[in-house]
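Below is one structure; the comments refer to it alone.
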Amino acid sequence: MLKQRVITAVVLLLVLLPAVFAPVSWPFAVLTLVMITAAGWEWGRLNGAGATGSLVMGAVVGGLCAAALHFGWVGVGASPAWWLACGVWVLGGALAVKVGPTAWPGLPKAARWVLGVAMLFTAWLALASAKVVGLNYLLSVFCLVWVADISAYFGGRAFGRRKLAPTISPGKSWEGVWSGMVGVMVLAAAWILIDKTWPLGSASVFTLLWQRFDVLGLMLALVFLCAMSVLGDLVESLVKRSAGAKDSSQLLPGHGGVLDRVDALLPVFPIAMALSSL
């Protein structure tokens, strides 16, 4: 299993890194389009769409993203899509976590399918647009999510006492969430200093939020983004539990599925774009 995980990780890096560091934005947009299409197929499988319906759902997600790329919707500036995604995640995501995995299948399938398509499309649009904003911006949002997750893991193991959502993800604790937030605050301070010291072609999400909201506003925005990354993880775990699945699929040997790898990114990228556009 470890060898399989390492091989998959190396292959993913060999494919992803050239697209991330490409001087133009379209390779990253196309690569993430393929990945989000696969995530759409996984969402259908987890939400009772059946074999054919899941393929159709993946095709719908991919088709919408392709249309957005073709018509130049990527990187056009502030978009209502960011705020739509923000509202859906804050209200819908919080409600889903509150009712728990047992109530999720009780929602109409069509509603769950539409929610998944909207969630995945807006996440891809934000990902592709973040690359247009600049490499520094794109990497800073990625690192925000990764540092929040890593800090939460180690903080939870060291200090975790109070369970965050035991019926959804028993391993998560409130102490882990707070540790993730502290880790992101440290990352933000370091990244802002780097932005001020070396020209990196574009501002990071941390510098943009600091310039727009000052220090207190930056801290509140980072707390909110960290909370949304946790919410994205919880919602995907909830959907898997309701479907009785351990992983969203086996597309990535040793790592599960695409949704398993991008769940925390789905709310953070559009919300980061929304906050950065204020």
Do [X] and [Y] have side chains that approach each other closer than 4.5 Å (heavy atoms only, starting at C-beta)?
X: Leu200; Y: Ile194; value: yes
X: Ser129; Y: Met273; value: yes
X: Cys65; Y: Phe121; value: yes
X: Pro101; Y: Thr167; value: yes
X: Thr37; Y: Leu120; value: no
X: Leu218; Y: Val223; value: no
X: Leu138; Y: Phe269; value: yes
X: Leu225; Y: Val141; value: no

Assess whether atom [atom1] of [X] is packed by more than 12 heavy atoms of other residues, nucleotides or ligands within 6.0 Å.
X: Trp174; atom1: CH2; answer: no
X: Arg157; atom1: CZ; answer: no
X: Met219; atom1: CE; answer: no
X: Trp113; atom1: CH2; answer: yes
X: Phe142; atom1: CZ; answer: yes

Inset, instruction - Using the side-chain hydrogen bond (donor to acceptor under 3.5 Å, both in side chains) rule, take Ser248 and Asp260 through it: C-alpha gap first, then chi angles, then the decisive distance, then the call. - result: CA-CA 6 Å; Ser248 58; Asp260 295 319; 3.1 Å; yes
How long is the straight-line distance from [atom2] of [Y] back to [atom1] of [X], given to the nearest 0.5 Å?
X: Ser277; Y: Trp82; atom1: OG; atom2: CH2; value: 9.0 Å
X: Leu220; Y: Leu275; atom1: CG; atom2: CG; value: 11.0 Å
X: Asn47; Y: Arg112; atom1: CG; atom2: CZ; value: 5.0 Å
X: Arg241; Y: Leu234; atom1: CZ; atom2: CG; value: 11.0 Å
X: Leu187; Y: Ile192; atom1: CG; atom2: CD1; value: 9.5 Å
X: Asp195; Y: Gln211; atom1: CG; atom2: CD; value: 8.5 Å

Legend entry - Stepwise side-chain contact (heavy atoms from CB on, under 4.5 Å) test for Val117 and Trp43: CA-CA 9 Å; Val117 170; Trp43 184 269; over 6 Å; no
Can you check whether [Y]'s main-chain N or O pairs, donor with acceptor, with [X]'s side chain at less than 3.5 Å?
X: Lys163; Y: Pro170; value: yes
X: Asp149; Y: Val145; value: no
X: Thr8; Y: Pro253; value: yes
X: Ser140; Y: Ser204; value: no
X: Asn136; Y: Ser202; value: yes
X: Arg261; Y: His255; value: yes

Legend entry - Test: Arg212 cationic atom under 6.0 Å from Trp210 six-membered ring centre, within 45° of axis: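 So Arg212 doesn't make the cation-pi contact.
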Locate the shortest heavy-atom distance separating [X] from [Y]; write the atom from each residue and the value.
X: Gly44; Y: Ser54; value: C-OG, 3.1 Å
X: Lys240; Y: Asp247; value: CD-C, 3.7 Å
X: Ala19; Y: Leu31; value: CB-CD2, 3.9 Å
X: Pro270; Y: Ala123; value: CD-CA, 4.2 Å
X: Ile168; Y: Leu238; value: CG2-N, 3.6 Å
X: Pro18; Y: Val15; value: CD-O, 3.6 Å

Legend entry - Any donor-acceptor N or O pair under 3.5 Å, side chains Ser276, Tyr137: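 Side-chain D/A pair, Ser276 to Tyr137: present.
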Inset, instruction - Indicate whether any N or O donor in one side chain lies under 3.5 Å from an N or O acceptor in the other, for Trp124 and Thr32. - result: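 Judged by distance alone, the side chains do pair up.
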Legend entry - Check ion pair Arg162-Glu175 (N to O, under 4.0 angstrom):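 Salt bridge flag = yes for Glu175 with Arg162.
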Inset, instruction - Run the numbers on Glu42 and Leu251 for side-chain contact (heavy atoms from CB on, under 4.5 Å), then give the verdict. - result: CA-CA 9 Å; Glu42 292 175 347; Leu251 286 177; 3.6 Å; yes
Inset, instruction - Report the C-alpha separation of Ile36 and Leu266 in whole Å, then their side-chain angles, then the decisive distance to 0.1 Å, and conclude whether the side-chain contact (heavy atoms from CB on, under 4.5 Å) test is met. - result: CA-CA 10 Å; Ile36 216 70; Leu266 297 179; 4.3 Å; yes
In this structure, would [X] and [Y] fall into the same cluster of hydrophobic residues linked by side-chain contacts under 4.5 Å?
X: Phe71; Y: Leu127; value: yes
X: Leu216; Y: Val205; value: no
X: Tyr153; Y: Met185; value: no
X: Leu193; Y: Val215; value: no
X: Leu16; Y: Phe21; value: yes

Inset, instruction - Just say parallel, tilted or perpendicular for the rings of Trp191 and Phe206, cut-offs at 30° and 60°. - result: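 Trp191 and Phe206: tilted rings.
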Legend entry - Residue of the set Cys226, Cys143, Ser151 for which side-chain contact (heavy atoms from CB on, under 4.5 Å) holds with Val184: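 Going through Cys226, Cys143, Ser151 one by one, the side-chain contact (heavy atoms from CB on, under 4.5 Å) with Val184 is satisfied by Cys226 alone.
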Inset, instruction - May I have the step-by-step check of side-chain contact (heavy atoms from CB on, under 4.5 Å) for Ile271 and Phe224, ending in yes or no? - result: CA-CA 9 Å; Ile271 294 173; Phe224 182 47; 3.6 Å; yes
Inset, instruction - Using salt bridge (charged side-chain N to carboxylate O under 4.0 Å, His left out) as the criterion, list what pairs up with Lys131, not counting sequence neighbours. - result: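 Residues passing salt bridge (charged side-chain N to carboxylate O under 4.0 Å, His left out) with Lys131: none at all.
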